[in-house]
Number of protein chains: 2
Amino acid sequence: MTASTLVPVFAALGDDTRWSILAALGGADASASALAEVLPVSRQAIAKHLAVLQDVGLVEPVRVGREVRYRVLGSQLAETARRLDLIGAQWDRRLATIKQIAEGLESE
Amino acid sequence: MTASTLVPVFAALGDDTRWSILAALGGADASASALAEVLPVSRQAIAKHLAVLQDVGLVEPVRVGREVRYRVLGSQLAETARRLDLIGAQWDRRLATIKQIAEGLESE
DNA sequence: CGCTTGTGCAACTCTTGGGTTGCAGCAATC
DNA sequence: GATTGCTGCAACCCAAGAGTTGCACAAGCG
């Protein structure tokens, strides 16, 4: 059941501050301290968010000298999207099946 | 900025119980009371979750006599997946751009 | 009409998690 | 080697939300 790993990703993406962090990292890789200068939250709060994002594989730490910069992994976003799309498609298929059955009943 | 409406959807999808509800509704439309007999939570808890799911457009209420059944909207899942995929693709494009620049520097 | 049953509203508990401050530690730099 | 600056850990506060119980109300059904 790979779906169990999917829910935490959505939980991670369900927070505005984390999207702000992802957006900031979209410009260039940055450390927690650097992000704290841009965003209206403390460095420690950002560090927590980065830990969450790293746990679900949305972000990757890169040591540069004595600081730790983070990079967004777009592939993980795409992968999550792919799996979500599959689920949505399954529901549509179910609806289609029900429609078929209903139409079959009508024509009898 | 349509992305602002995207975050609440992820927040809604970031809960295990709500996925259980969606899964149960995948079999057939059901009321909050019916779901309460299947899932290990109270009817009121389910009612709250259904309200959340309805707010973000993942589920739709259908009155049947004196009960209110809920139906999953797979199209909303697919739409969310599409938008998430676009975002992921943008990050990949940025990485590709950076790679191009780096390669350009090497060849000079 | 009375009974049953599904829904809706309200109040409450308790855990989770986002945010903060403070301090200790470590690694470059001068 | 001392200083500077970035990281990591810990404790704490507070709001949001997941879950519960209880009750009131409305709509079918005997």
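Side-chain atoms are counted along with the backbone in the values below, which use heavy atoms only and exclude waters and symmetry mates. It should be emphasised that the depicted structure is a prediction, and the values quoted were computed from it without experimental measurement.
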Please report the distance, rounded to the nearest Å, between CD1 in B:Ile46 and C1' in D:dT21. 16 Å
In the structure I gave you, are the side-chain heavy atoms of B:Leu58 and B:Val72 within less than 4.5 Å of one another anywhere? no
Let me know the distance between CD of A:Gln44 and P of C:dG19, rounded to the nearest Å. 12 Å
Closest heavy-atom contact between A:Val56 and A:Ala12? CG2-CB, 3.9 Å
Below 4.0 Å: OP1/OP2 of C:dG17 and any side-chain N or O of A:His49: no
Quick one: B:Lys48 NZ to D:dT21 C1', roughly how many Å, whole number? 11 Å
Which pair of non-hydrogen atoms, one from A:Ile46 and one from A:Leu35, has the smallest distance, and what is that distance? CD1-C, 3.5 Å
Report yes if at least one side-chain N or O of A:Arg43 is closer than 4.0 Å to OP1 or OP2 of C:dT20; otherwise report no. no
Could you tell me the separation between the OH atom of B:Tyr70 and the P atom of C:dG6, rounded to a whole number of Å? 15 Å
How many Å lie between CG on A:Asp16 and P on C:dG18, as a whole number? 11 Å
Report yes if at least one side-chain N or O of A:Thr17 is closer than 4.0 Å to OP1 or OP2 of C:dG19; otherwise report no. yes
Do B:Thr5 and B:Arg83 get their side chains close enough for a donor-acceptor pair, meaning under 3.5 Å? yes
Check the distance between C:dG18's P and A:Leu13's CG and give it to me in whole angstrom. 12 Å
What pair of heavy atoms forms the shortest contact from B:Leu25 to B:Tyr70, and how long is it? CD2-O, 3.4 Å
Does A:Ser42 have a side-chain nitrogen or oxygen under 4.0 Å from the phosphate oxygens OP1 or OP2 of C:dT20? yes
Here the distance between atom C1' of D:dA18 and atom CZ of B:Arg18, to the nearest Å, is 9 Å
When rounded to whole Å, the CD to C1' distance for the pair B:Glu67 and D:dA27 reads 12 Å
Comparing A:Val52 with B:Val68, nearest DNA chain C nucleotide closer to 5' gives the residue B:Val68
OP1, OP2 of C:dT7 versus side-chain N and O of B:Arg63: anything below 4.0 Å? no
Is any side-chain N or O of B:Ser33 closer than 4.0 Å to OP1 or OP2 of C:dT5? no
Is there a donor and acceptor pair, one atom on the side chain of B:Arg66 and one on the base of C:dT7, closer than 3.5 Å? no
